[in-house]
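Naming: A, B, ... by sequence-line order, numbering from 1 per chain.
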Amino acid sequence: MEMEKNSGVVLRTEGLTKRFGGLVAVNNLDLEVYEGQICALIGPNGSGKTTVLNLITGIYPVDDGRIEFCGEQINGLPSHAICWRGIARTFQNIRILGSQTVFDNALLGKGYGNGGAGVFQIMFDTAKHRRERAAFAEEVDEVLKFVGLDDVRSELARNLPYGRQRILEIARALVTRPKLLLLDEPAAGLNSAEIYTLMELIKKINATGISVFVIEHRMELVGELADWVFVLNYGSKIAEGTFEEIKENPAVIEAYLGKGRD
Amino acid sequence: MNNLRVFWNRYGLLIVAVLLLLVPQFTTQYEFYVVQRGVQNAMLVLGLVILIGYTGLMTLGSAALLATGAYTYGILLLRLGWPPLLGTIGAVLVTTLVGTLLGFPAFRLSGPFLVVTTVGFGEIVRILILNWEPLTRGPYGLSGFRAVMPTTRGVYYVMVVVLALLAVVTERIGRSRLGLAMKAVKEDEVAAEVMGVNVRRVKLISNALTAALAGLSGVFLASLTGYLNPDSFTANESTTYLLMVVMGGMSNVVGSVISSLFVTVLPEVLRFLAESRLLVYSLILLVYLRIYHVRSSKARAKSAGSRGRS
Amino acid sequence: MSVGLWIQIILNGVAMGVLYSLPALGISLIWNATGLFNFAQGDLLTLGGYVMLTLFGMMKLPYIVSFVLTLAVMGLVGYFISRIYFYPMLEHRVHPQIILIGTVAASVFIRNLILVIWGTMPTTFKNPFGTKVMNLGGIFLMPHVIWILGIAAGLLILLQYILRGTMVGTAMRAVAQNQTAAWLMGIRNDRMIALTFCMSTAIAAVSGILITPIIPLTPDMGGLISVKAMAAVLIGGLGSFSGTLIGGIAVGVAETVFATLVTPTYKDVFIFLVLVAFLLARPGGIFRAHVSEKV
C-alpha cells in the first residue's frame, strides 16, 4: 500500500520547517512532485520560495520535517550527495564561473568525487582518465547542442549575453543527469523572446522524462508550463492545485493583491 | 604574436627545462647554488599554484611545510639511519600528512580566517623546531646528513627533471575535471557543491598535493645546504613564496616556475638589494596588485557592460 | 598560590590583553567598513612604536608631545594607505583574495621598511612610568600596568563616543552597514573608509607605544601581534566592539597564565591552538555578530 503511494512521487517534503532566528521562513510545508510533472512554486516576494530550494539542495540544514527523494530521505546529506542522487538546480542570480569557458561550465555538472578517475589517474593521465575525458566531452557537447549553446562552446561564460548565461546554467544542471530539475526564477531579467525560448526549452527537458520544479513570478509562464501549482505565503502553503484552480482561489488573490481595506 | 603565444604554451616548459640543464656549464659555483635554490623554490611554488591559484585557498604556512619536509628528511637520515631515497619518501609522506591535517580547518574557514590559521601553524612549527632540541638540535641547527644524490650536480639534474615532471602534472591537473572543480571552489563554493563537487575532498586534495610538493622541496633544500636552521623558515619566507606565485600569474604553471627562478636570482644580480630584498619585493607586489588588478577589473566591468545586461 | 599572586598575574594579563584589543579594534573597524581583514595592522602597531622611539627616545621630546605626534603621523599613514591603495581596489571590486594578498604585502613592506630604517636589533626607550615596583596591599605591579589600563580605558571611551555620539561616527557606521545606501544619502564612502583606516591605525599606534615597557621593539614583532589581535577579533565575534575588547583581554590573560603556570616557551603555541579550536568550534565568536551569507 505504502509502496504504491510512493511510486511516481519524485520529491516529497513533510512538515518542512526552517527558522532564521525568530523568523519562520518555511513553516510546516508539505509538497509532492510526481514523476514527469512540471510543478511551480509561486508566492509573493519574501514568502520563502528560494529558502525551500536551499533546503531541498542541502544548502541550509532543515530545522524540522523531512525531505524524501525517490523514497529516500535526503535532508542531512551534503549538497553534492543530493546532486549525485539526481537533483540539480539553477540560481536566481546566475552563478556561473565567468572566467571559464561555456564548455567547462557545463562540464562542472559532472562534479568531483563521485567515482571516476582519481588524483593519480589524472596525474599520470591513464587510459581510464583519457576515456573518461572523451566520454564526458561528448556528453557535454550533446547537452550544449540540446540547449542550443553549441555555437559558443569555447567562449568565456562572462561574455555571453544574460539570457544565454541563464541557459548555460540550465545546461550545467542537465549535465549532472538529474531526475528532478529545480529552477529558481529562470525568467527573471529576460525579454519576451528569450522567455519564449526558455519555455520551449523547459518543455523539451520535461519531455525527456525529467521532472521540473520551478519557482516563478510570471503568471503567463506558470499558466503555460505548470501541471500543478503550490502557493506559498509567509512560509506556509496556502493553496495548491492546477493553475485554473489557483487563479480563482480567494486566499491566493488576497495574498497577491492584499485585502480590500488595510 | 598569436603564433608566438601558441608556441610558448606548447614549448615554454621544455625551453625552461633545457636552459636549466645547461646552467651548470656557464656558472660559478655560487651562481650555480643560487639557481639550485631557485629550482627548489619552484617546486614548492607549483604546490601553491594548486592551492592558491586553482583552489583559491590562501596560505602563509608554506615555509613551515618546507621545514617539515627538510627536518623530517634530516632526522630520518641522522637519527634512524635511513638511506636517502627512503628518507625522501618518508619526508614527503610525513609532510603530506601534516598538510592534509591543515586542510581540515579549510572546511569551515575561508579568506582571512584561514590565513590566520596558517600563520599560526607556521609559528607552531618554528617554535617546535626551536625547542625540540633532542630531535632538531634547536637553534644550533641540524647538519651531517647525506644528500639525495652523491654529487651536487647529480642533485641538480634530478631536481630539474623532477621539476619538469611536476610542472607537467600540475598543468594536467589544471586542465582536468579535478582542476575545474578546484577553480569552481575558488570562484563559487556553493555553486560547485550544488553541482556535485565534493568541496571538502577537493580542498583536502589541494592541501595534500601542496604539502607533498613542499615536502619534496624541503628534501632538496636539505640536500643542497646540508644544514638546517629554524631561522630559514620564517613567515618572511612564506611571504616570498606567496610573491613568487602571485607574480607568476597565480594559476600559470610555467609563469610560476619562471617567477620563482627570477625572484630567487634577482637579489644576487642586484647585490645592493641584499639588505632590502623583501622591501623591494613587497613594493613590487603592491604596485603590481594595485595597477594590474584594478585595470583588469575595469576591463571586466567594461566588457560586462557592453555585452550583457542585468 | 595566594589570591594576591593570582590578581597580580591576571592584572598583568589584562594589561597585555588590552594591548591586543587595540589593534584588534582597528581590524574590527576596518572589517565592518570594508569587509576585509587588514593583515598589516600588527606592523602598523610596530611602526607606531618605532616612530615613538625616534620622537621620544632619540629626539627627547616630552612624552605627551611625542605621544600625540606619533598618533598624528600614524593616523596620516593610515589615511594615505586607504586613499592610494585600499579604497581604489575596493572601488573597482578587485577579488577579495587579491586585496588580502595586498594587505599581506603591505605588512611585509612595513616590516622591512622598519628594518632598513631602524635596524634589526631589539630596541626600547626609557620607561616613562618608572621602573619601581608598586606594592598595592600585597599585590606587586609595575606602574606601567596601571597606566596601560588607564590610557586604554580612556581611549576606548573616546572611541565609543566618536562612533556613537558624533555625526562622523554615525556616517562611518552607515557606510559599514550599507555602502550604497550611505552613498545615496550623500556620505562620501572614500572619505569614511579612509577615516576608518586613519582611526584604526592611530589606535594600533597607541598599543605600539604602550607595549614597549613589556616587549622590546623588533621589526617583525607585528606578525605575532597581528595573529593575536585576529584571535581577539575572532574569539570576541567579528564586528562586535565589546566582544573584541573582551577577546583581546581573554587572549592576554590566557597567555600570561599559561606562561606563568606552565611554560613561557610554548605560550604562543598555546594561543594558536586555542584559536584554532575556537575557530573550528564556534566560527561566530562569543558575541556572535550577525553574519549571514546570501545564497
Side-chain angles (χ1 to χ4, degrees), chain A residues 53-54 57-59 78-85 87-91 93-100 104-105 107-114 116-125 129 132-133 136 156 158-165 169 172-173 175-178 182 188-189 191, chain B residues 50 53-56 96 107 165-209 212-213 250-251 296-297 299-310:
Chain A
L53 284 205
N54 286 340
T57 49
I59 293 176
S79 296
H80 60 260
I82 293 172
C83 171
W84 297 343
R85 278 169 177 68
I87 301 183
R89 72 171 283 183
T90 65
F91 294 90
N93 42 348
I94 303 178
R95 299 181 86 151
I96 51 174
L97 311 178
S99 56
Q100 304 296 324
D104 279 344
N105 265 283
L107 181 64
L108 184 64
K110 280 288 157 204
Y112 186 81
N114 46 340
V119 191
F120 290 103
Q121 274 161 328
I122 290 169
M123 279 162 65
F124 299 112
D125 201 17
H129 177 231
E132 182 191 88
R133 216 182 156 81
F136 283 170
L156 287 189
R158 68 159 169 266
N159 292 339
L160 293 189
Y162 190 74
R164 301 196 89 183
Q165 293 189 356
E169 238 195 353
R172 181 174 70 180
V175 171
T176 68
R177 304 242 145 231
L182 312 174
N191 64 32
Chain B
I50 296 176
Y54 294 169
T55 318
T96 309
F107 287 172
L165 290 177
L166 290 175
V168 169
V169 166
T170 311
E171 182 88 54
R172 211 174 256 167
I173 289 175
R175 280 186 279 108
S176 73
R177 181 158 72 114
L178 173 60
L180 183 62
M182 289 171 169
K183 289 167 191 169
V185 170
K186 178 181 182 176
E187 268 191 62
D188 190 337
E189 211 171 296
V190 175
E193 176 78 24
V194 169
M195 284 304 124
V197 173
N198 187 340
V199 172
R200 291 185 166 203
R201 188 184 297 186
V202 170
K203 285 183 175 176
L204 273 193
I205 291 174
S206 302
N207 273 293
L209 290 174
L213 290 179
M250 303 271 266
S251 52
S296 68
S297 283
R300 205 161 53 230
K302 215 171 165 186
S303 88
S306 63
R307 302 294 287 272
R309 58 167 199 281
S310 62

So, the part of B/Arg175 with a heavy atom under 4.5 Å from chain A: the answer is both
- prompt: Using non-hydrogen atoms only, which part of B/Leu209 is less than 4.5 Å away from chain A: side chain, backbone, both, or neither?
  reply: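 Contact with chain A is through the side chain of B/Leu209 alone.
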Exercise for the section: Output yes when a side-chain donor or acceptor of A/Arg172 lies under 3.5 Å from a complementary backbone atom of B/Met195, and no otherwise. Expected result: no
Looking at B/Ala192, B/Ala191, B/Ala181, B/Ala208, which one has more heavy-atom pairs under 4.5 Å with chain A than the rest?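 Going by pairs under 4.5 Å, I would pick B/Ala191.
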**Message:** Quick check on the interface: out of B/Ser176, B/Ala184, B/Gly196, who has the most heavy-atom pairs with chain A under 4.5 Å?
**Reply:**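 Ranked by heavy-atom pairs under 4.5 Å with chain A, first place is B/Gly196.
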When the 4.5 angstrom heavy-atom criterion is applied to A/Phe124 and chain B, the contacting part is backbone
Honestly, the part of A/Gln165 sitting under 4.5 Å from a heavy atom of chain B is neither
Taking atom CE of A/Met123 and atom CG of B/Leu165, what is their separation to the nearest 0.5 Å?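 Rounded to the nearest 0.5 Å, the CE-CG separation comes to 10.5 Å.
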Distance col, row B/Lys186:NZ vs A/Ser99:OG, nearest 0.5 angstrom, shows 7.5 Å
From the list A/Thr90, A/Thr176, A/Ile59, A/Ile82, side chain to side chain contact (heavy atoms under 4.5 Å, CB included) partner of B/Val194 resolves to A/Ile59
message = If the test is side chain to side chain contact (heavy atoms under 4.5 Å, CB included), which one of B/Asn198, B/Val199, B/Ile205, B/Leu180 qualifies with A/Tyr112?
response =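 Looking at B/Asn198, B/Val199, B/Ile205, B/Leu180, the match for A/Tyr112 under the side chain to side chain contact (heavy atoms under 4.5 Å, CB included) is B/Ile205.
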Next on the checklist: Just so I know, are the side chains of B/Lys183 and A/Asp104 near enough to count as touching, which here means a heavy-atom distance under 4.5 Å?
Outcome noted: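 Contact flag for B/Lys183/A/Asp104 side chains = no.
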Validation row: B/Arg172, A/Asp125 side chains within 4.5 angstrom (heavy atoms):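 Counting from C-beta outward, B/Arg172 and A/Asp125 do come under 4.5 Å.
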*Mind running salt bridge (charged side-chain N to carboxylate O under 4.0 Å, His left out) on A/Arg95 and B/Glu187 for me, showing each step along the way?*
CA-CA 9 Å; A/Arg95 299 181 86 151; B/Glu187 268 191 62; over 6 Å; no
